[in-house]
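Nothing here was measured: the structure is a model prediction, and the numbers come from that model.
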Amino acid sequence: MHKYSKIMEQIQRKLAEYTASLYNEKILDEQFIQLQQLQDESNPDFVVEVVSLFFEDSERLLNELAKTLNQTNVDFKKLDAHVHQLKGSSSSIGAQGVQRVCISFRNYCDDRNIEGCLKCLQQIKIEYTLVKNKLETLFKLEKQFVDAGGSFPVV
């Protein structure tokens, strides 16, 4: 039993440190905490489900942004609408890196600056990949914790 509690303690510490790093590195903001607070025993996969929808939506929007920017005559209104959507969904899960770049992207749309928009698209892809990888790792750590007998919330 002592060995078991030691393992649980290690997993819990690793999970807490990793989660803290996501906020310290400004990958997530307090909106993610609010999302986690909506999860309970009746819906234990709530956060994973919401974040999975964000991933699906983001992939679609990134493809739309690339397609729109590759047009001969760029439709900046359409481009801005896609960026606005991505900004909203990233904000709703607390993905502040993606949200931050979306703000710059929208300014370039207003200025009809294709070069600025292209740079922002590359930056959004980087930020999106970062937050996706970090959240997937977080969910794996949480699963290890639960599989080892732990339960949430962990304070």
(Q) Donor-acceptor check, side chain of Gln99 to backbone of Lys87, threshold 3.5 angstrom: yes or no? (A) no

Q. Hey, what do you get for CG (Asp45) to CZ (Phe139), rounding to the nearest 0.5 Å?
A. 10.0 Å

**Q.** Over all atoms of both residues, closest heavy-atom pair of Leu35 and Val47
**A.** O-CG2, 3.8 Å

Q) Glu49 versus Asn43: any side-chain heavy-atom pair under 4.5 Å? A) yes

Q. For the atom pair CG (Leu65) and NZ (Lys78), what is the distance rounded to the nearest 0.5 Å?
A. 10.5 Å

Q) Nearest 0.5 Å, what's the CD-SG distance between Glu127 and Cys102? A) 10.0 Å

Q. Linking I/L/V/M/F/W/Y whenever their side-chain heavy atoms sit closer than 4.5 Å, directly or via other members, would Ile103 and Leu62 fall into one cluster?
A. no

Q.
With rounding to the nearest 0.5 angstrom, report the CZ to CG distance, Phe105 to Asp110.
A. 12.0 Å

Q.
Within the structure provided, determine whether Glu56 and Leu53 are in side-chain contact (heavy-atom separation under 4.5 Å).
A. yes

Q) Any chain of hydrophobic side-chain contacts (each under 4.5 Å) joining Leu15 to Ile33? A) yes

**Q.** Spacing of Asp111 atom CG and Cys117 atom SG [to the nearest 0.5 Å]
**A.** 8.5 Å

(Q) So does Glu59 get a backbone contact from the side chain of Asn63, meaning a donor-acceptor N/O pair under 3.5 Å? (A) yes

(Q) If you define the side chain from C-beta out and look only at heavy atoms, does anything of Gln10 sit under 4.5 Å from Lys14? (A) no

Q.
So does Ile93 get a backbone contact from the side chain of Gln31, meaning a donor-acceptor N/O pair under 3.5 Å?
A. no

Q) Leu22 and Ile126: same hydrophobic cluster, using ILVMFWY side-chain contacts below 4.5 Å? A) no

Q | Cluster overlap Leu79 with Ile114, hydrophobic side-chain contacts below 4.5 Å | A | yes

Q | Lys67/Glu64 salt bridge by N-O under 4.0 Å criterion | A | yes

Q) Taking all atoms of both residues into account, what is the closest heavy-atom pair of Leu135 and Phe55, and its distance? A) CB-CZ, 4.1 Å

Q.
Just so I know, are the side chains of Phe32 and Leu138 near enough to count as touching, which here means a heavy-atom distance under 4.5 Å?
A. yes

Q: Given side-chain contact (heavy atoms from CB on, under 4.5 Å), test Gln12 with Glu9 step by step and report yes or no.
A: CA-CA 5 Å; Gln12 192 170 350; Glu9 207 175 280; 5.8 Å; no

(Q) Can you confirm whether more than 12 heavy atoms, excluding those of Tyr108, are under 6.0 Å from its OH atom? (A) no

Q) For the atom pair OG (Ser21) and NZ (Lys26), what is the distance rounded to the nearest 0.5 Å? A) 12.5 Å

Q: Of all the heavy-atom pairs spanning Arg106 and Val83, show the shortest one and how long it is.
A: CG-CG1, 3.4 Å

Q. Taking all non-hydrogen atoms of both residues, which atom of Leu38 and which atom of Phe46 are closest, and how far apart?
A. CB-CE2, 3.6 Å

(Q) Looking at Arg60 and Asp57, is any side-chain nitrogen of the basic one under 4.0 Å from a carboxylate oxygen of the acidic one? (A) yes

**Q.** More than 12 heavy atoms of other groups within 6.0 Å of Lys132 NZ
**A.** yes

Q) Taking all non-hydrogen atoms of both residues, which atom of Ala95 and which atom of Val131 are closest, and how far apart? A) CB-CG2, 4.0 Å

Q | Minimum side-chain heavy-atom gap Thr19-Tyr23 below 4.5 Å | A | yes

Q | Close side-chain approach of Lys119 and Gln122, heavy atoms under 4.5 Å | A | no

Q) Between Ala148 and Ile11, what is the shortest heavy-atom contact and its length? A) CB-CD1, 3.9 Å

Q. Is Glu136 salt-bridged to Lys140, going by a charged N under 4.0 Å from an acidic O?
A. no

